[in-house]
Asks: 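This structure is in structure tokens; I'll ask about it shortly.
Computed from a predicted structure; not experimentally measured.
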Amino acid sequence: MLDHLAIQCADVTVSAAFYDTVLATIGGARQMDFGPVIGYGSTPKPDFWLGPSTGADFRESHIAFAAPDRAAVRAFFDAAVATGAEVLHEPRLWPEYHPTYYGAFVRDPDGNNVEAVCHTPE
């Protein structure tokens, strides 16, 4: 349903270092870099973008990245924690969403709730 998503960052360089690390664990990579705007994806077309903040008001976003399997969710979580990310929820099943929903949640450098999720059984 979504073509792409962009978030605003207080410091694009700091946020890019975080996303370079965690997105690599689920098959994502930096694909375009236009100075203060950086695009990530797993195909030739970026679908996740970072850009500079346009103001002081901040509203937390929730961003869920698809992981190919549960091991990738754990790798995403471990990579995020290694960058110093705040842990919101360690990797686990979330049966209240559906029986095979496996996800982990952290905060990115700008305070967004970032998740890696796998929907398939182990």
Side-chain angles (χ1 to χ4, degrees):
M1 183 158 84
L2 294 177
D3 182 71
H4 63 276
L5 169 72
I7 62 170
Q8 296 181 20
C9 306
D11 185 328
V12 174
T13 302
V14 170
S15 292
F18 172 81
Y19 284 105
D20 285 346
T21 300
V22 301
L23 293 180
T25 66
I26 58 171
R30 190 185 297 206
Q31 295 181 331
M32 292 186 181
D33 194 329
F34 299 110
V37 178
I38 298 170
Y40 293 87
S42 58
T43 66
K45 181 186 83 57
D47 46 25
F48 178 67
W49 292 85
L50 305 179
S53 176
T54 60
D57 292 341
F58 173 76
R59 296 183 71 173
E60 173 186 334
S61 295
H62 174 66
I63 306 154
F65 294 101
D69 53 40
R70 293 179 184 189
V73 171
R74 292 187 291 272
F76 179 98
F77 177 80
D78 292 343
V81 170
T83 71
E86 175 188 350
V87 173
L88 297 176
H89 301 287
E90 294 196 13
R92 71 173 178 89
L93 282 171
W94 295 84
E96 59 270 35
Y97 300 150
H98 67 72
T100 60
Y101 192 109
Y102 188 84
F105 302 76
V106 298
R107 288 220 186 275
D108 76 1
D110 291 289
N112 293 300
N113 176 343
V114 181
E115 173 187 6
V117 59
C118 174
H119 295 281
T120 59
E122 191 153 30

Asks: What distance do T83 atom OG1 and D108 atom CG have between them, rounded to the nearest 0.5 Å?
Replies: 9.5 Å
Asks: Could you label the plane-to-plane angle of the Y101 and Y97 rings as parallel, tilted or perpendicular, counting under 30° as parallel and over 60° as perpendicular?
Replies: perpendicular
Asks: At their closest point, which heavy atom of I26 faces which heavy atom of A66, and how far apart are they?
Replies: CD1-O, 3.7 Å
Asks: Would you say V117 and L88 are hydrophobically clustered, going by side-chain heavy atoms of ILVMFWY under 4.5 Å?
Replies: yes
Asks: How close do T25 and A72 get, heavy atom to heavy atom, and via which atoms?
Replies: O-CB, 3.8 Å
Asks: Relative to the ring of Y40, is the ring of Y19 parallel (under 30°), tilted (30 to 60°) or perpendicular (over 60°)?
Replies: tilted
Asks: May I ask you to decide whether E115 forms a salt bridge with R107, counting only side-chain N to carboxylate O separations under 4.0 Å?
Replies: no
Asks: Does F48 have its ring centroid less than 6.0 Å away from the ring centroid of F65?
Replies: yes
Asks: Provide the closest heavy-atom pair for A67 versus V73 in the form atom of the first, atom of the second, distance.
Replies: CB-CG2, 3.6 Å
Asks: Please step through side-chain contact (heavy atoms from CB on, under 4.5 Å) for the pair I7 and W49, ending with a clear verdict.
Replies: CA-CA 6 Å; I7 62 170; W49 292 85; over 6 Å; no
Asks: So, for L50 and S15, which heavy atoms are closest and what is the spacing to 0.1 Å?
Replies: CD1-C, 3.9 Å
Asks: Give me the atom names and distance for the closest heavy-atom approach of F76 to V114.
Replies: CZ-CG1, 3.7 Å
Asks: Can you name the closest pair of heavy atoms from A16 and I38 and give their distance?
Replies: CB-CD1, 3.6 Å
Asks: Do you see a donor-acceptor pair shorter than 3.5 Å between the side chains of T120 and D69?
Replies: no
Asks: Check for a donor-acceptor pair, side chain of E60 on one end and backbone N or O of N112 on the other, with a separation under 3.5 Å.
Replies: no
Asks: Within the distance-only criterion (no hydrogens, no angle test), does the side chain of D47 pair as donor or acceptor with the backbone N or O of D3 below 3.5 angstrom?
Replies: no
Asks: Taking T100 for the side chain and H119 for the main chain, is one N or O donor matched with an acceptor at less than 3.5 Å?
Replies: yes
Asks: For the pair E90 and F105, evaluate side-chain contact (heavy atoms from CB on, under 4.5 Å) and give the outcome as yes or no after the intermediate values.
Replies: CA-CA 7 Å; E90 294 196 13; F105 302 76; over 6 Å; no
Asks: Test R30 against D20 for side-chain contact (heavy atoms from CB on, under 4.5 Å), laying out the working first.
Replies: CA-CA 7 Å; R30 190 185 297 206; D20 285 346; 2.7 Å; yes
